[in-house]
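In what follows, a structure is listed as structure tokens, so that the remarks can point back to it.
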Amino acid sequence: MRRSLLVVLVLLLTGGLATAADFIRIDADSLVGGTLGVLPFYITRECPDPERIMGTSNGFVMTATGSATWSYNSYVADPIVWSWLIFTLNPKIDGTSPDSFLTGGAAMPPFPGMPVVTEQLYFTLNLDLGLGGGELCIDSSFIPPAGTWKFSGLTCGLGGAPDRPLFLAKDSSDADHPICLVVTGEVCPDPLITGTPGGDALTGSHCAGLNFQFDADPGSGETIASWTVTSGPGTIDAGGNYSVGATATGTYPVVVEVENGCGNTDDYAFDLILTNTNPAYTNTGGEDTEIEAGLQYSYDFNAND
């Protein structure tokens, strides 16, 4: 019984050491185009031997799919982690794919080096993302002239080499490399013409012409950029006021279009109906009137058009 208990303890200890690992984890899995892409990198060092790591060299390469684009904005090294290390970033980030950058640290007196840490913020990389969508894929990489991806003096871990830490995704998985972050392209909302004439028809006299004030919802976060008459008579100004002058009687199909600030449009079709009412007498003299022969007679008729 005592021997069996000893075997169980050995297995437990062995299993604990086997799962120990040092890694850098990127705490992001999606980004939004047209914004500041914030990419936090966390560090975990579980290996107790050596007691302190005296340096790191961690290069990254970035590629893009679809229409995702970026440019370098800034980085921030966590002041708590790096109070005992000198941290440098060598940005080569120029927005081309593939792109790369290098992080590294070296213990300098009086700092003794990196101790055991668990899920400690390592640094944050900020990228200005373009409006396009797709994926931004990141992987560990050798970036000259610093050398291979490594922690100095690492003696345990699952990174594939004695001094190579893992590079993990947000969910702590190590299954897929490169680690790809979904970039959602900026979505331009559609405008909507809201104020329209009743019955989809605008009716008036062919002599006087007429006006109508259109309204539109530009979409969330947008503004109205322009109004246009794309078909039919009349004009429309920047405020949506449609007008047409004296025009021959008839029914005219008209289409107006509104465009918002990001380029999406909405069309509205209606009939312009111009009428000509027949004139009518307003006085006809009432009853019949007798006129003597040989005399001149006159009467003023009035009419309304």
Side-chain angles (χ1 to χ4, degrees), residues 30-37 64-71 73 95-96 127-136 182-285 299-305:
S30 63
L31 302 166
V32 178
T35 65
L36 179 66
T65 66
S67 57
T69 58
W70 67 86
S71 60
N73 181 286
T96 59
L127 299 176
D128 292 317
L129 299 174
L131 299 179
E135 289 184 321
L136 174 60
V182 175
V183 180
T184 304
E186 182 187 54
V187 177
C188 178
D190 291 324
L192 178 65
I193 297 176
T194 54
T196 59
D200 297 330
L202 197 56
T203 303
S205 168
H206 80 105
C207 294
L210 46 80
N211 295 273
F212 186 82
Q213 179 64 54
F214 284 94
D215 291 315
D217 177 1
S220 178
E222 290 299 325
T223 58
I224 298 298
S226 65
W227 286 89
T228 309
V229 176
T230 60
S231 177
T235 60
I236 191 167
D237 63 21
N241 183 45
Y242 170 82
S243 62
V244 61
T247 306
T249 58
T251 298
Y252 302 88
V254 182
V255 178
V256 297
E257 180 180 271
V258 66
E259 181 177 351
N260 65 12
C262 60
N264 281 0
T265 61
D266 184 36
D267 293 335
Y268 173 73
F270 65 98
D271 286 332
L272 174 65
I273 303 173
L274 298 175
T275 61
N276 183 11
T277 305
N278 292 331
Y281 291 107
T282 59
N283 64 321
T284 58
Y299 184 82
D300 290 329
F301 286 97
N302 294 321
N304 185 21
D305 185 1

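Only a predicted model underlies this, so the values are computations on that prediction, with no experimental measurement involved. For the single chain, residues carry numbers from 1 onward in sequence order.
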Measure the spacing between [atom1] of [X] and [atom2] of [Y] and express it to the nearest 0.5 Å.
X	Y	atom1	atom2	answer
Leu36	Asp128	CG	CG	6.0 Å
Thr65	Leu136	OG1	CG	8.5 Å
Leu127	Leu31	CG	CG	8.0 Å
Glu257	Asp267	CD	CG	4.5 Å
Thr96	Trp70	OG1	CH2	7.0 Å
Asn260	Ser226	CG	OG	9.0 Å

Give the minimum heavy-atom separation between [X] and [Y], together with the two atoms involved.
X	Y	value
Pro233	Pro253	CD-O, 4.3 Å
Val254	Tyr242	CG2-OH, 4.0 Å
Gly234	Val229	O-CG2, 3.7 Å

For [X], enumerate each residue passing the side-chain contact (heavy atoms from CB on, under 4.5 Å) test, keeping only those at least two apart in sequence or located in another chain.
X	result
Ser243	Asn211, Thr235
Leu274	His206, Leu210, Thr247, Tyr252, Leu272
Val32	Thr35
Ser231	Val255

Legend entry - Sidechain-backbone polar pair: Thr228 side chain, Thr230 backbone, donor-acceptor under 3.5 Å: no
Inset, instruction - Please check if the side chain of Asp271 supplies one atom and the backbone of Ile273 the other of a donor-acceptor pair under 3.5 Å. - result: no
Inset, instruction - Output all residues satisfying side chain to side chain donor-acceptor pair (under 3.5 Å) with Tyr268, sequence neighbours left out; order by chain, then residue number. - result: Asp200
Inset, instruction - Classify the ring geometry between Phe270 and Phe214 as parallel (under 30°), tilted (30 to 60°) or perpendicular (over 60°). - result: tilted
Please set out all donor-acceptor pairs under 3.5 angstrom arising from side-chain atoms of residues 188-198, sequence neighbours excluded.
from, atom 1, to, atom 2, distance (Å)
Asp190, OD1, Asn264, ND2, 2.9
Thr194, OG1, Asp215, O, 3.4

